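Written below as structure tokens is the structure these notes are about.
Atoms considered below: every heavy atom in the structure, side chains included; atoms not considered: hydrogens, waters and symmetry mates. All of these numbers come straight from a predicted model, not from anything done at the bench.
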Amino acid sequence: VDTTVVGIVDSVRVQRDAGHPAEAERLARSIPDGACRDDTLSGECWNVSYELAQTYAYAGRPADAQRVFETSRAEAEKAPHPVRDRGLLLHAGATNADADRVALARAQFDEADHLSSADCATREYSALSLAQAYVRRGDVRATRATLGSIPACEHPNLGLQAEIEADLAVLSGSSEDRTHARERLE
């Protein structure tokens with residue numbers, strides 16, 4: 001595998017995590033022409049696209065993240081890669097949930113949840129992302145319902161669940177929600 005493309009994936013992630021989205025974008029766009037036409041590099045090129053979409057989402061550019069997602073999805077559909085498809089759908093769902101496009105996010109999460117590569121963590125991520133979107137919308141009822149639909153996974157994301165339940169307690173003002181959130185935090 002061409003270490004240049006592999007190195008770009010890591011560099012994009014490092015720059016984004018360091019708070020330099022413009023440099024991350026520049027690096028993601030620096031792949032040599034034709035490199036991604038090589039089937040042996042297609043997975044790594046997909047990773048670069050994924051990291052670019054993550055960078056756009058991080059930078060508050062959901063429309064650009066969605067555009068990169070759609071392009072990556074079209075490329076992934078040329079050769080079936082169910083894990084990549086799942087990652088693309090989860091990323092797109094999270095990007096759309098963050099942008100308050102909850103119906104589209106829910107459809108993308110539902111599609112990811114029904115792929116053959118979906119597992120409990122996939123379904124948990126989908127539900128938690130939607131619950132966060134409902135909290136941001138101020139929708140107490142939908143947040144509660146979504147939290148109630150989270151599957152019991154072997155390694156649950158208890159920290160994020162506790163955070164969402166605490167947000168729900170603040171949002172609703174309900175003593176029951178506060179008690180539940182306090183128990184979860186403990």
Judged by atom type as modelled, is there a donor-acceptor pair below 3.5 Å linking the side chain of [X] to the main-chain atoms of [Y]?
{"X": "Arg178", "Y": "Gly173", "value": "yes"}
{"X": "His180", "Y": "Glu176", "value": "no"}
{"X": "Asn96", "Y": "Ala92", "value": "yes"}
{"X": "Arg16", "Y": "Glu51", "value": "yes"}
{"X": "Arg136", "Y": "Ala97", "value": "yes"}

Is it the case that [X] and [Y] place a side-chain donor and acceptor less than 3.5 Å from each other?
{"X": "Gln161", "Y": "Glu124", "result": "yes"}
{"X": "Tyr56", "Y": "Gln66", "result": "no"}
{"X": "Thr95", "Y": "Asp98", "result": "no"}

>> So which atom in Val135 and which in Ile164 form the shortest heavy-atom distance, rounded to 0.1 Å?
In response: CG2-CG2, 4.1 Å

>> Looking at every heavy atom in both Leu147 and Ala131, which two are closest together, and how far apart are they?
In response: CD2-CB, 4.1 Å

> Can you check whether Arg144 reaches Asp177 side chain to side chain, under 4.5 Å on heavy atoms?
Replying inline: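 Answer yes - side chains close enough.
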
>> To the closest 0.5 Å, what do you measure between CD (Glu23) and CZ (Arg26)?
In response: 4.0 Å

